[in-house]
There are 2 protein chains.
Amino acid sequence: MDYEDAITALADPTRRIIIDRLRGGSLPVAAIAKGMDVSRPAVSQHLRVLSDAGLLTVTPKGNRRLYAIAPDGVDGLRRYLDTLWDDALAAFARAAAEQAKENANERSD
Amino acid sequence: MDYEDAITALADPTRRIIIDRLRGGSLPVAAIAKGMDVSRPAVSQHLRVLSDAGLLTVTPKGNRRLYAIAPDGVDGLRRYLDTLWDDALAAFARAAAEQAKENANERSD
DNA sequence: ACGAATCGTAAGCAATGACTTACGGTAAGT
DNA sequence: ACTTACCGTAAGTCATTGCTTACGATTCGT
């Protein structure tokens, strides 16, 4: 299972902020950390977690390191949630049908 | 933001197991806890977290309480990931185009 | 070649959270 | 009515983890 690391990584608010900052495209670490309420090393640690989870790609560019969102990592989570969504809807429909049948029995009592 | 509670709730492995057990339909607490490697009160606490996050619905049924996956809660997370997916793909496409342009400049040097 | 900039890592600390045991409260069975 | 079953909550403990400061390594600029 790979989506598990992804969902664990995205559970942290600071990491979601980092992800949001990368929505527009790749950024170096200093640019990501700028204006955030945690130190730059903290951001580095979060970037490590996000990379290990497959949510970010790193491309060394001379002095700096550019981080970007990895579409594949996001897709893993999307697929997990899609199956969950399908099962939830199916179970919901069955429960609704069951409830309707019970109501019909009540009326016939 | 509501999806934040949902993703935090799903970050825990035990809670994901609980969710998986509810994929087939609603279950009482004892049935969920049966065979799991944590105590029943622990399951109760997890069910509380999942409910507060909007991922589960509770319907008291006489002596027992039936828990079921709430499609709406799952949908909130799906929408968040969809926007993330869209932005990631767009950024990826821009980066690819940029890279192609750089390569063209290199060949012309 | 030397100083400045960019970044990752190590060590230590404080806070969050997941678990257990113990308990109380409500509904079902006899 | 009394016992049993089902379930949530409280209190306390222990591991996890997110943060800071300090440091070392690599690259850019002059």
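Throughout, a chain's letter reflects where its sequence line sits, starting with A, and its residues are numbered from 1.
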Checklist entry - Going 5' to 3' on DNA chain C, which nucleotide is the first and which the last to come under 4.0 Å of a heavy atom in chain B? => result C/dA18 to C/dA28
Who pairs with [X] by side-chain contact (heavy atoms from CB on, under 4.5 Å), at least two apart in sequence or on another chain?
X	value
A/Ala68	A/Ser26, A/Thr57
A/Pro28	A/Ala31, A/Arg64, A/Leu66
B/Val38	B/Thr14, B/Met36, B/Ala42, B/Val43

Item to check | Residues touching DNA chain D, which here means a heavy atom under 4.0 Å, drawn from residues 18-27 of chain A | outcome: none
Next on the checklist: Quick check on contacts: within residues 39-56 of chain A, what sits under 4.0 Å from DNA chain D by heavy-atom distance?
Outcome noted: A/Ser39, A/Pro41, A/Ala42, A/Gln45, A/His46
Checklist entry - So which heavy atom on B/Leu55 is nearest to which on B/Ala9, and how close? => result CD1-CB, 4.1 Å
Next on the checklist: For A/Arg78, give me all partners under side-chain hydrogen bond (donor to acceptor under 3.5 Å, both in side chains), at least two apart in sequence or on another chain.
Outcome noted: B/Asp82
Item to check | By side-chain hydrogen bond (donor to acceptor under 3.5 Å, both in side chains) - contacts of B/Asp72 (at least two apart) | outcome: none
Checklist entry - For atom CZ of A/Arg21, is the number of surrounding heavy atoms from other residues, nucleotides or ligands below 6.0 Å larger than 12? => result yes
Checklist entry - Does A/Arg79 use its side chain to pair, donor to acceptor, with the backbone of A/Tyr3 at less than 3.5 Å? => result no
If you measure from [atom1] on [X] to [atom2] on [Y], what distance do you get to the nearest 0.5 Å?
X	Y	atom1	atom2	result
B/Thr8	A/Leu10	OG1	CG	10.0 Å
B/Ile7	B/Leu81	CD1	CG	6.0 Å
A/Leu77	B/Leu77	CG	CG	8.5 Å

Checklist entry - Reading DNA chain D 5' to 3', which nucleotide is the first, and which the last, to come under 4.0 Å of any heavy atom in chain A? => result D/dG18 to D/dC28
Next on the checklist: Go through it in stages, so that I can follow the logic: the residues are B/Arg16 and B/Asp20, the test is salt bridge (Lys or Arg N to Asp or Glu O under 4.0 Å), and I'd like the CA-CA distance, side-chain angles, deciding distance and then a yes or no.
Outcome noted: CA-CA 6 Å; B/Arg16 282 196 299 269; B/Asp20 281 342; over 6 Å; no
Item to check | Relative orientation of the end axes in the helix from C/dA1-D/dT30 to C/dT30-D/dA1, expressed as an angle to the nearest 10° (five pairs per end) | outcome: 30°
Checklist entry - What about B/Ile19 and B/Val49, same hydrophobic cluster or not, with Ile/Leu/Val/Met/Phe/Trp/Tyr joined at side-chain heavy-atom distances under 4.5 Å? => result no
Taking only distance into account, with no hydrogens and no angle test, what donor-acceptor pairs under 3.5 Å do side-chain atoms of residues 84-92 of chain B form with protein atoms, sequence neighbours excluded?
{"unit_1": "B/Asp87", "atom_1": "OD2", "unit_2": "A/Arg23", "atom_2": "NH1", "d": "2.7"}

Item to check | Sequence neighbours excluded - side chain to side chain donor-acceptor pair (under 3.5 Å) pairs with any residue from residues 32-43 of chain B | outcome: none
Checklist outcome for this item: Comparing nearest nucleotides in DNA chain D, the 5'-proximal residue of the pair B/Ala31, A/Thr8 is B/Ala31
